[in-house]
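Here the structure comes first, spelled out in structure tokens, and everything after it is commentary.
By convention here, the first residue in the shown sequence is residue 1.
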Amino acid sequence: MQWSKFNVIAEKAHEKRCLVYNTFSDSQVLCDDKNILHTFKNKIKNKTPLTDAEEKLCETFVECGFLVDDNTNEKQDFLNWFDEKVRNNYEELSYLLLTSRTCNLRCPYCFEKDVLAKGLNMSMETARQFVEFNNERVLKYKSKKVAITFFGGEPLMNVPVLEYIATETQRFCLKQNTEFEFGIVTNGVMLKREKVKEWIKLGLKWIKITLDGDKHDHDKLRVTQSGKGTFDKIWANLSDLAGIIPFYIGGNFNSQNENSLKQLVDRLNDSPFRNNIFSAEFKPIQAYEQKTEAPVRTDFTGPAFDAHHVEVMMRTRNYIQSKNLPSNDQIGIGPCELHRKSFFGVDMTGKLYKCSAMVGKEQFASGDIWQGADIKKVDERMGTGITPWKDCGDCAFIPVCAGGCKAVGFERYQDFSIGSCDKLYFKQMVQEMFERNLNETIGYEDGLDVTRANLETKTVFNQETSDDYSGDIGMFSV
């Protein structure tokens with residue numbers, strides 16, 4: 001047997017226990033004694049004979065994917081899985097659909113300020129063509145599900161098109177025995193209870209709302225065209241929807257509002273719509289400095305999140321979880337839509353895009369809903385294959401990032417082939433798993449038994465580090 005290249009070990013200097021996590025299988029076990037675990041690991045690597053207790057431990061580790069057969073080529077297994085389950089999997093067709101690039105707000109940090117004033121909405125003719133485009137794809141690939149995320153601008157600036165697409169897509173999918181659902185990413189100002197109840201009948205499953213800190217700070221960042229704050233209006237609309245539809249609470253932070261996130265979480269915890277919240281997550285407002293030359297790739301080259309961003313995200317996430325509110329607590333984010341042939345972003349004019357962050361930037365279009373996808377341009381965006389090892393080496397986190405965010409690389413270097421490296425963030429996520437699971441450990445006499453924190457295998461990517469890392473977030477090895 002051999003130690004998987006996708007294993008990551010999290011431990012603390014003054015803690016006897018440790019966590020082993022496999023990024024490909026998404027398995028994690030909490031081990032009772034890290035010293036014995038490292039001895040076991042070294043025996044496996046050196047092909048040293050094992051004790052009876054260690055042989056028994058092997059069974060658990062094989063089941064979790066921490067140990068693989070000597071003849072296993074994990075890179076190739078990953079690539080095979082990637083091609084079959086991600087790149088060429090059409091069971092679900094998904095779309096990020098821009099019904100509008102207009103908006104009723106004028107947030108000062110918005111990256112779309114240059115287009116919002118142009119008043120671009122998707123026409124009904126384009127909406128009808130999108131429905132036809134999707135219907136043809138469902139028939140071609142015999143897809144089992146269609147999922148649409150309505151986006152903008154502000155998608156509720158063009159409700160007739162949203163409702164037409166949802167109605168006609170649902171009608172077609174019902175005839176084909178294909179599941180259909182949609183979600184809406186909205187600023188929340190225009191949400192109406194009766195409309196939401198109608199949309200639920202059409203397949204609405206969730207709504208994402210943005211709250212940029214508590215009322216005082218939010219009202220500086222999320223403002224109307226006249227400069228008026230929007231917190232009270234959004235809060236009233238969410239309260240009016242209590243018990244009706246799940247909410248994803250998102251938010252953006254910078255130095256101006258990051259200190260009010262705790263107050264916002266307290267307010268969410270006491271809100272009338274608390275039970276609607278299925279996840280709450282806050283991320284930094286990014287301001288990338290454009291450079292003219294591509295970087296030399298190193299371990300921590302060009303992260304999307306810097307150390308301070310990571311610290312704020314983790315601190316806020318821990319506080320959210322301390323209130324028993326749901327938040328993202330898994331590292332296994334998997335490859336983004338860029339790598340999935342089943343996904344397209346669609347702008348107001350019907351152009352197709354592979355990268356959701358580039359929707360609306362016409363130089364990145366890969367066809368349109370009238371002529372179909374331009375296969376050559378699609379391949380240019382996706383690459384001829386997933387080859388993160390070329391830049392990243394044998395990093396254990398490749399299964400959760402697939403080579404990094406290409407949109408970040410473009411914003412910084414005007415080069416779409418360059419990804420970001422957020423190993424620091426992933427490592428802290430693993431450390432956070434460790435902290436959460438520490439209290440689940442049962443004392444064992446021989447120190448070899450483990451508490452299985454999560455043995456349900458999931459198809460996510462693994463990453464392996466070639467170095468040891470130590471710091472405030474804990475210590476890691478592979």
Evaluate the side-chain proximity of [Y] to [X]: yes if any heavy-atom separation is below 4.5 Å, no if none is.
X      : Y      : result
Trp199 : Ile184 : yes
Val312 : Arg315 : yes
Ile234 : Leu238 : yes
Met124 : Pro160 : yes

Test log, rule side-chain contact (heavy atoms from CB on, under 4.5 Å), inputs Gln176 and Cys173:
CA-CA 5 Å; Gln176 301 301 319; Cys173 286; 5.7 Å; no
Assess whether side-chain contact (heavy atoms from CB on, under 4.5 Å) is satisfied between Asn89 and Glu84, documenting all intermediate values.
CA-CA 6 Å; Asn89 186 351; Glu84 178 184 355; over 6 Å; no
Set of residues satisfying ring pair (Phe, Tyr, Trp, His ring centres under 6.0 Å) with respect to Phe247, sequence neighbours excluded
Phe273
Looking at Trp81, does the NZ or CZ of Arg87 lie under 6.0 angstrom from its six-membered ring centre and within 45 degrees of the ring axis?
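No, cation not above the ring by the 6.0 Å, 45° rule.
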Side-chain H-bond candidate by donor/acceptor type, [X] with [Y], under 3.5 Å:
X      : Y      : value
Ser25  : Asn22  : yes
Ser342 : Glu92  : no
Arg340 : Tyr90  : no
Ser260 : Asp217 : yes
Glu154 : Thr186 : yes
Asn269 : Arg274 : yes

Please walk me through it: do Ser100 and Asn121 pass side-chain hydrogen bond (donor to acceptor under 3.5 Å, both in side chains)?
CA-CA 4 Å; Ser100 173; Asn121 279 336; 2.6 Å; yes
For Lys215, does the NZ atom have more than 12 heavy-atom neighbours from other residues, nucleotides or ligands under 6.0 Å away?
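Result for NZ/Lys215: enclosed.
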Are more than 12 heavy atoms, taken from residues, nucleotides or ligands other than Asn177, located less than 6.0 Å from that residue's CG atom?
no
Check this for me: does any side-chain nitrogen of one of [X] and [Y] sit under 4.0 Å from a carboxylate oxygen of the other?
X      : Y      : value
Arg317 : Glu281 : yes
Glu198 : Lys195 : yes
Glu168 : Arg171 : yes
Lys220 : Asp212 : no
Asp347 : Arg101 : no
Glu132 : Arg128 : no
Lys354 : Glu380 : no

Going through the distances and angles, do Phe133 and Asp368 end up as a side-chain contact (heavy atoms from CB on, under 4.5 Å)?
CA-CA 9 Å; Phe133 172 76; Asp368 61 51; over 6 Å; no
Verify, without hydrogens or angle tests, whether Gln129 (side chain) and Ile369 (backbone) share a donor-acceptor contact under 3.5 angstrom.
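Pair found, side chain donor or acceptor close to backbone of Ile369.
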Keeping Thr169 on the side-chain end and Ile165 on the backbone end, is there a donor-acceptor pair under 3.5 Å?
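Yes.
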Test log, rule ring-ring contact (aromatic ring centres under 6.0 Å, His included), inputs His216 and Phe231:
CA-CA 8 Å; His216 178 266; Phe231 188 91; over 10 Å; no
Near-ring test [Y]/[X], centroid separation under 6.0 angstrom:
X      : Y      : answer
Phe410 : Phe364 : yes
Tyr95  : Phe130 : yes
Tyr425 : His309 : no
Phe182 : Phe150 : yes

Rounded to the nearest 0.5 Å, what's the gap from [atom1] on [X] to [atom2] on [Y]? Could you check?
X      : Y      : atom1 : atom2 : answer
Asn254 : Leu221 : CG    : CG    : 6.0 Å
Phe6   : Asp77  : CZ    : CG    : 8.5 Å
Gln170 : Glu179 : CD    : CD    : 11.5 Å
Arg267 : His218 : CZ    : NE2   : 10.5 Å

Can you check side-chain hydrogen bond (donor to acceptor under 3.5 Å, both in side chains) on Asn88 and Asp83, steps first, answer last?
CA-CA 6 Å; Asn88 298 305; Asp83 281 341; 4.5 Å; no
Using the six-membered ring wherever Trp is involved, compare the ring planes of Phe278 and Tyr248 and label them parallel, tilted or perpendicular (cut-offs 30° and 60°).
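Aromatic pair Phe278/Tyr248 classed tilted.
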Tell me, with the steps shown, if Phe282 and Met313 meet side-chain contact (heavy atoms from CB on, under 4.5 Å).
CA-CA 6 Å; Phe282 300 93; Met313 285 191 291; 6.0 Å; no
Set out, in order, the CA-CA distance, both residues' side-chain angles and the distance that settles side-chain hydrogen bond (donor to acceptor under 3.5 Å, both in side chains) for Asn187 and Thr210, then state yes or no.
CA-CA 6 Å; Asn187 57 44; Thr210 301; over 6 Å; no
Chi angles and distances behind the side-chain hydrogen bond (donor to acceptor under 3.5 Å, both in side chains) call for Gln76, Asn80
CA-CA 6 Å; Gln76 192 58 52; Asn80 292 342; 2.9 Å; yes
